[in-house]
Amino acid sequence: MIRLNEHYLKLNSSYLFSEIAKRVNAFQKQNPSKEIIRLGIGDVTNALPKACIEAFHKAVDDMANDATFKGYGPEQGYEFLREKIARFDFQARNADIEADEIFVSDGAKCDTGNFQELFSNDLSIAVPDPVYPVYVDTNVMAGRTGSFENGRYSGLYYLECTEDNDFIPSLPSQKVDLIYLCFPNNPTGAVATRSQLKQWVDYARKEKALILFDAAYEAFIYDLSLPHSIYEIEGARECAVEFRSYSKTAGFTGTRCAYTVVPKSCMIYDSQGNQHSLHSLWNRRHCTKFNGVSYPVQRAAEAIYSEEGASQVREIIDQYMTNASMIRKTMTEKGYSCTGGENSPYIWINGKIDSWMFFDKLLSEAGVVCTPGAGFGRCGEGYIRISAFNKKENVEKALVRIGEALTA
Ligand SMILES: *Cc1c(COP(=O)(O)O)cnc(C)c1O
């Protein structure tokens, strides 16, 4: 008899996006002529930068000739891409990372979800609340938690992110072995400073813990004093893995390319206390279960490091960030306290009422879709997330309607 991994039965059926869709469809049915504007999505709306498209096309042509055709590439990614990543994303910021510490992949969702395979099942794990659900659900599937009750899994340590700590979690009061952090944060938009990150790095080194650092939104950081990479913090090479993605940076959500950094100085311990190289283990896992990102996609990703590519990426991000600042301005003027939207594409708004009530109000009175904060964890209750990923005209129109709805 084929039997089930019963840990899957513990999963809180993620009703967030299906519930949003259900309410939006019901509203549209009752108001067929009303144009709905979606500011709930975590997906980009602008086309790929021109430089990426040109490189992509050229690489497709390479596949058409025996002389330039590529079959299986290196599982870890082509040298041409890994070298540019190391140079432009890390060494240029004084972060000591080499090309052979980069693992190119088809997404940061898979990487943040898969990485836990390397760990023992009796770890104590710290996750933020509110949280990007992938970190939690993949540990549930692996059997590292108890059941889901009152909005939380037993056996996880929740790092509460609230207005009191400016949505930057403080160190845990009990010992933890594995720590998930995400800055700039989805959903709160908060970004940790150097000294805040330093506290986590110092903690991890002292406890021989590991930080899994999701930097999928680093390209949205404008404040020059904020770190883009955890490796800008002294000591992080010994205790942190970093996840990056071209999805939000350069519009690759439908094209798929990302990478994970595993420094060679990161160690992991067996039950006897002997140390092993985390890099070797991840390399073993990656080569066994993954066969590389397609050659044309890696050429397209490489193009963002060219001069034109970089300036086209900047232009697209500037457009989204203009939206973000308009959203923040309107909501602040209406008397709501906001985080994010200055160094991240998400604005996290204290709605002062139940998240779903605020969601329904914006939908029914303004025809605007946001994301209820309660869907990201218990600490998200009372908040909504508005995304800056849309066309400027749509955001402007949405903000006029929101302004009217919140005045009435
Ligand atoms: C969008 C997003 C990612 C990127 O996922 P991809 O699989 O690379 O598209 C990673 N982490 C967070 C928090 C995100 O919001």
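Counting convention: from 1, in listed order, for ligands and their atoms alike. The shown structure was predicted, so the numbers you read here are calculated from the model rather than taken from an experiment.
Judged by distance alone, the side chains of D111 and T260 do bring a donor and an acceptor atom under 3.5 Å apart. When only modelled atom types and interatomic distance are considered, E242 and S229 share a side-chain donor-acceptor pair under 3.5 Å. Between the side chains of S173 and Y157, a donor-acceptor pair is found at a separation under 3.5 Å.
In terms of polar-atom proximity, defined here as any N/O pair under 3.5 Å, G42 makes no such contact with ligand 1. In terms of polar-atom proximity, defined here as any N/O pair under 3.5 Å, S245 does make such a contact with ligand 1.
Taking every heavy atom of N186 and a limit of under 4.0 angstrom, the matching atoms of ligand 1 come to 13 (C), 15 (O). Near K248, with a cut-off below 4.0 Å to any heavy atom, the atoms of ligand 1 are 1 (C), 2 (C), 3 (C), 4 (C), 14 (C), 15 (O). Ligand-side atoms of ligand 1 in range of K109: 5 (O), 6 (P), 7 (O), range being under 4.0 angstrom from any heavy atom. Near G107, meaning under 4.0 Å from one of its heavy atoms, ligand 1 places the atoms 7 (O), 8 (O). In summary, the atoms of ligand 1 found under 4.0 Å from a heavy atom of S247, numbered by their order in the structure, are 6 (P), 8 (O), 9 (O). The distance from ligand 1 to the heavy atoms of A216 drops below 4.0 Å at these ligand atoms: 3 (C), 10 (C), 11 (N). Near D214, with a cut-off below 4.0 Å to any heavy atom, the atoms of ligand 1 are 10 (C), 11 (N), 12 (C), 13 (C).
For F103 and H279, the ring centers are positioned less than 6.0 Å apart. Aromatic rings from Y320 and Y346 are positioned such that their centres are separated by 6.0 Å or more. Between F167 and Y383, the distance from one ring center to the other falls under 6.0 angstrom.
Of all heavy-atom pairs between A303 and A51, the closest is CB-O, 3.4 Å. Nearest heavy-atom pair, E75 versus H286, reported as atom, atom and distance to 0.1 Å: O-NE2, 3.0 Å.
In terms of protein heavy-atom proximity, atom 7 (O) of ligand 1 is nearest to R256 NH2, 2.7 Å.
The shell of residues lying under 4.0 angstrom from ligand 1, judged by heavy atoms, includes Y217.
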